[in-house]
Amino acid sequence: MAFAQLDSILCSLLFALFSLSAVSQTSSNITLGTSLIAGEDGSFWASAFADFAFGFKQIEENGFLLAIWFNKIPEQTIVWSANGQNLAPKGSKVELTSKPWFQLVDPNGKQIWNASLSRIGVVAYAAMLDSSNFVLLGQDSQKLWQSFEQPTDTILPRQVLNQPAQLVARYLPTNYSRGRFQFKLQDDGNLVFYTTYFPIDLVKLDYWSTQVLGTGFSLIFNLSGYIVLRTDNGTIISTISSNTLYSTQDFYQRAVLDYDGVFRHYIYPKNSGVGIGSWSTFSITPSIICLLVTEAEGSGACGFNSYCTFDGTNKSCQCPNGYSFIDPSDVMKGFKQNFVSQSCDQTSRETDLFDFHEMPNTDWPLADYEHFQSVSEDWCKRECLVDCLCASVLFKNGQCWKKKQPLSNGRMDPSIGVKAFIKIRKDNATLVLEDINRDNDRSKLIIIGSTLLSSSIFLNLVFFGGSLSNYISMWPQ
Ligand SMILES: *[C@@H]1O[C@H](CO)[C@@H](O)[C@H](O)[C@H]1NC(C)=O
Ligand SMILES: *[C@@H]1O[C@H](CO)[C@@H](O)[C@H](O)[C@H]1NC(C)=O
Ligand SMILES: *[C@@H]1O[C@H](CO)[C@@H](O)[C@H](O)[C@H]1NC(C)=O
Ligand SMILES: *[C@@H]1O[C@H](CO)[C@@H](O)[C@H](O)[C@H]1NC(C)=O
Ligand SMILES: *[C@@H]1O[C@H](CO)[C@@H](O)[C@H](O)[C@H]1NC(C)=O
Ligand SMILES: *[C@@H]1O[C@H](CO)[C@@H](O)[C@H](O)[C@H]1NC(C)=O
Ligand SMILES: *[C@@H]1O[C@H](CO)[C@@H](O)[C@H](O)[C@H]1NC(C)=O
């Protein structure tokens with residue numbers, strides 16, 4: 001009796017599952033001649049269960065991104081995009097037509113993007129599938145183009161990347177143009193993370209790789225939430241993420257090469273009620289990015305004059321004492337010193353005006369310009385203090401390294417075991433140059449200083465400020 005009941009429950013469960021998966025593979029068809037207009041309400045196509053949608057997302061006032069996003073969560077997180085390099089103005093249109101089958105054109109009819117078919121064929125219709133794959137299909141339902149084969153920075157459960165394939169990090173969390181990091185499944189089988197010669201789109205340094213060569217490799221994000229690199233006979237070469245805790249049934253999942261060069265597997269509870277859920281990080285690769293990115297030319301994992309920290313989830317680009325953002329909206333642009341540089345005048349070296357801030361376990365490898373052995377810490381600091389070119393010194397076991405600006409490849413990590421001393425101006429004078437605004441008839445140099453009045457540099461600053469505003473006022477208004 002009990003068994004029979006169980007059987008029938010199992011049966012109906014299986015049936016429900018089967019019909020579910022059958023339906024989820026056939027969303028409503030998008031027929032030839034159908035289009036979406038950027039800026040019009042409801043300018044998207046949702047998948048059958050509405051988990052995903054394809055359409056326009058407004059990124060800036062007159063800039064739209066043709067994208068696929070999670071459609072049932074308030075964040076509407078974007079998982080794929082076509083034109084991050086070149087946003088579409090309002091009124092742009094994406095249309096399924098005859099050749100070119102699927103294109104995005106601006107209001108003047110100029111093409112912004114098109115889908116180039118991966119197989120020769122005649123497109124009959126398109127569909128936004130519940131797997132998050134947007135597909136162009138032939139009459140025989142053969143997939144002629146799929147967003148799964150043209151990933152941007154994200155992969156999703158059910159997605160398979162075959163050799164060769166790549167993910168390109170976006171520039172900033174809210175800027176979808178190509179950024180500074182890439183993740184490639186190469187022709188040779190190697191799966192590699194790269195920094196690039198940004199803004200040139202060539203790879204520079206590989207900071208993580210599987211180093212297994214071969215053919216027939218694929219990167220698979222399966223429904224159990226595993227992300228693995230496999231050979232075609234099923235041998236696992238590398239496990240990027242193994243999610244045994246959170247099912248794809250109950251959790252939305254995505255894996256992204258984030259703008260900061262870290263590949264993160266994220267999960268989001270599906271039934272958390274509106275507004276309660278959020279993305280959390282399930283796993284990260286590589287886990288020690290700050291230590292791995294050491295570029296002979298370039299700033300490293302963070303911008304110049306910065307240092308990288310990693311707390312197990314978040315990579316952060318920190319600002320040394322005495323320095324400040326070059327661009328607060330883009331930490332990768334690095335930091336600038338916010339005090340007046342030391343005088344190189346041999347008669348007034350200003351050694352009494354500078355001091356050091358001690359930073360344990362911090363290093364800027366490859367920024368050295370001098371190295372001394374068998375010296376004391378005091379000697380090392382003194383040597384930097386009398387050298388106007390010296391930005392920082394490192395000291396360990398009688399060894400002293402002088403570092404020059406811009407400081408590069410900065411990192412702070414318990415494994416470093418080197419003490420850094422960064423040189424800063426003692427009086428804490430900070431110069432804030434207001435935006436040079438052409439509407440203002442004169443721009444000002446504001447000098448903030450705690451001990452300026454008693455100091456001789458006050459006069460210097462006033463002189464400097466005065467001559468700068470003279471200079472500015474000479475500019476055409
Ligand atoms: C979509 O079109 C294909 C080919 O014409 C057809 O086989 C399929 O049943 C259609 N699906 C839906 C949901 O209309
Ligand atoms: C599609 O775009 C590519 C550039 O991305 C261009 O070279 C090609 O000519 C376009 N194809 C059509 C049919 O417009
Ligand atoms: C995104 O960043 C790139 C590179 O700095 C820049 O050229 C572009 O204007 C930015 N796009 C947006 C929408 O801010
Ligand atoms: C996903 O991959 C893992 C590791 O290969 C495997 O143990 C698991 O059975 C796979 N799950 C599915 C649904 O294929
Ligand atoms: C699978 O392929 C790899 C190389 O691609 C090979 O080393 C391994 O022996 C193969 N395993 C099986 C079970 O065939
Ligand atoms: C990582 O950063 C996110 C967003 O900035 C924050 O919500 C989260 O708490 C941070 N995680 C850790 C472990 O610090
Ligand atoms: C400057 O002064 C402020 C407040 O007195 C202090 O918090 C800050 O650490 C000082 N900065 C430097 C570079 O000494």
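Just follow the structure's listing: the first ligand is 1, and inside any ligand the first atom is 1. Atom set for the values below is all heavy atoms of this structure, side chains included, hydrogens, waters and symmetry mates excluded.
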Distance flag, aromatic centroids of F335 and Y323, threshold under 6.0 Å: no
For atom 13 (C) of ligand 2, closest protein heavy-atom neighbour: P100 CB, 3.5 Å
Check ion pair D201-R178 (N to O, under 4.0 angstrom): yes
Output field: ring centroids F304/W364 closer than 6.0 Å: no
Ligand-residue contact atoms, ligand 1 with N29, heavy atoms, under 4.0 Å: 1 (C), 2 (O), 3 (C), 8 (C), 10 (C), 11 (N), 12 (C), 14 (O)
Atom 11 (N) of ligand 4: nearest protein contact (heavy atom, Å): S224 OG, 2.6 Å
Any protein heavy atom nearer than 4.0 Å to atom 2 (O) of ligand 4: yes
Donor on one side chain, acceptor on other, Y171 and D330, under 3.5 Å: yes
Side chain, backbone, both or neither: I236 near ligand 4, heavy atoms under 4.0 Å: side chain
Ligand 2-proximal atoms of Q111, by part, heavy-atom distance under 4.0 Å: side chain
Cystine candidate C317-C308, SG separation under 2.5 Å: no
Centroid-centroid distance, F221 to Y266, less than 6.0 Å: no
Heavy-atom nearest option to atom 10 (C) of ligand 4, drawn from V228, N243, N222: N222
Ligand-residue contact atoms, ligand 2 with N114, heavy atoms, under 4.0 Å: 1 (C), 2 (O), 3 (C), 8 (C), 10 (C), 11 (N), 12 (C), 14 (O)
Test of ring centre spacing under 6.0 Å for F44 and F56: no
Taking atom 4 (C) of ligand 4 as the reference point, the nearest protein heavy atom with its distance: Y226 CD2, 3.5 Å
